[in-house]
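Quick notes on the structure that follows.
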Amino acid sequence: MCYYFIVGDSMKNAFVTTSINYLIRNNACNEKQINIFRYTLESLYSLITKTSIVLLLSFILKTSSITLIILLLYSLFRGFAFGIHATKNIYCWLITILVYTCGPLFIKYYTLPISVIYLSYGLGILALLLWSPSDTPARPLIHRKKRIANKIISLLLAFIYITIAIFIKNDNFNEIISFIFILETICICPLTYMLFKIPYRNYKNYKK
């Protein structure tokens, strides 16, 4: 397992380095932009590789439709509410596989009580009001207007998700939205940052 992650990191570094060198040679990237391009390329590589593995596992476990809906809706949601990131690649892989295999399996084979679903909706909305968006040291949200816009959009998405879930009256979809809310609440909660010893509200300590 450790050997796999070491190889994975080597492949990621090779991909990022080769891509940046190509961009520099073609005058598409200067010295000041290297860190931005590096972060973007690393994120793109991680997204593609993790999504591929998750979808393969969901196909094997016969949870493809549930997993795909979670991936699409949660990615959109997290794109505005943000949240904590794992400090090491191996942790990120383990958490990703755990969340996107166990979550869909639970949703497929177990029905949550409606009271629990509605409670998760309420807690999710409250969490967004209090903590969204939650940034990271690598990506501090330094612009106040952007933070406010992200909070508003994440809340709108939450209400849209809830409205759709109520109208279509599908148990699996209700549980998917509930799962997304619980997951994002954990990711943006200050206690989670404290538990993993990661700075919270990093924009306050940002120095240009």
Indicate if L71 and F173 have the same hydrophobic cluster label, given that clusters are the connected sets of ILVMFWY residues with side-chain heavy-atom separations under 4.5 angstrom.
yes
Check whether any side-chain heavy atom of S178 sits under 4.5 Å from a side-chain heavy atom of I182, and report yes or no.
yes
Residue among I198, I186, L195 satisfying side chain to side chain contact (heavy atoms under 4.5 Å, CB included) with I84
I198
Minimum side-chain heavy-atom gap T87-F196 below 4.5 Å
no
Show me, pair by pair, the donor-acceptor contacts under 3.5 angstrom made by side chains of residues 127-137, not counting sequence neighbours?
{"from": "S132", "atom 1": "OG", "to": "S154", "atom 2": "OG", "distance (Å)": "3.1"}
{"from": "S134", "atom 1": "OG", "to": "W131", "atom 2": "O", "distance (Å)": "2.9"}
{"from": "S134", "atom 1": "OG", "to": "I188", "atom 2": "O", "distance (Å)": "3.0"}
{"from": "S134", "atom 1": "OG", "to": "Y200", "atom 2": "OH", "distance (Å)": "3.4"}
{"from": "D135", "atom 1": "OD1", "to": "N202", "atom 2": "N", "distance (Å)": "2.9"}
{"from": "D135", "atom 1": "OD1", "to": "N202", "atom 2": "ND2", "distance (Å)": "3.1"}
{"from": "D135", "atom 1": "OD2", "to": "L141", "atom 2": "N", "distance (Å)": "3.0"}
{"from": "D135", "atom 1": "OD2", "to": "N202", "atom 2": "N", "distance (Å)": "3.4"}
{"from": "D135", "atom 1": "OD2", "to": "Y203", "atom 2": "N", "distance (Å)": "3.1"}
{"from": "T136", "atom 1": "OG1", "to": "R139", "atom 2": "N", "distance (Å)": "3.2"}

Heavy-atom side-chain proximity of I162 to I125 below 4.5 angstrom:
yes
Would you mind reporting whether W93 and I53 have side-chain heavy atoms less than 4.5 Å apart?
yes
Sidechain-backbone polar pair: T51 side chain, I48 backbone, donor-acceptor under 3.5 Å
no
Distance-only check: which donor-acceptor pairs under 3.5 Å involve side-chain atoms of residues 94-113, not counting sequence neighbours?
{"from": "T96", "atom 1": "OG1", "to": "C92", "atom 2": "O", "distance (Å)": "2.7"}
{"from": "T101", "atom 1": "OG1", "to": "I97", "atom 2": "O", "distance (Å)": "2.4"}
{"from": "K108", "atom 1": "NZ", "to": "K62", "atom 2": "O", "distance (Å)": "2.8"}

Are the side chains of Y45 and T49 in contact, using a 4.5 Å heavy-atom criterion?
yes
Main-chain N/O of L72 paired to S75 side chain as donor or acceptor, under 3.5 Å
no
With rounding to the nearest 0.5 Å, note down the distance linking CG in L56 to OG in S64.
9.5 Å
Going hydrophobic residue to hydrophobic residue with side-chain gaps under 4.5 angstrom, can you get from L76 over to I153?
yes
Between V116 and Y118, is there shared hydrophobic-cluster membership here, with clusters defined by ILVMFWY side-chain heavy atoms closer than 4.5 Å?
yes
Enter the distance from I114:CD1 to E175:CD here, rounded to the nearest 0.5 Å.
9.0 Å
Working to the nearest 0.5 Å, report the span between OG of S65 and CG of L68.
8.0 Å
Reported CG-to-CD1 distance for the pair N172 and I69, which is rounded to 0.5 angstrom
8.0 Å
Is there a path from F159 to Y74 through hydrophobic residues (I, L, V, M, F, W, Y) whose side chains come within less than 4.5 Å of each other?
yes
Can you check whether T63's main-chain N or O pairs, donor with acceptor, with S58's side chain at less than 3.5 Å?
no
Output, in order, the C-alpha distance, side-chain angles, deciding distance and verdict of side-chain contact (heavy atoms from CB on, under 4.5 Å) for I70 and F179.
CA-CA 8 Å; I70 291 174; F179 178 71; 3.9 Å; yes
Separation between CG of N170 and CD1 of I176, rounded to the nearest 0.5 Å:
7.5 Å
Are I177 and L156 joined in one hydrophobic group, where the rule is that I, L, V, M, F, W and Y side chains link up if heavy atoms are under 4.5 Å apart?
no
Residue pair Y121, Y161: steps toward the side-chain contact (heavy atoms from CB on, under 4.5 Å) verdict:
CA-CA 10 Å; Y121 290 173; Y161 288 175; over 6 Å; no
Could you tell me the separation between the OG atom of S52 and the CG atom of L57, rounded to the nearest 0.5 Å?
11.0 Å
Give me each pair satisfying side chain to side chain donor-acceptor pair (under 3.5 Å) with a member in residues 140-152, each pair once, sequence neighbours excluded.
none
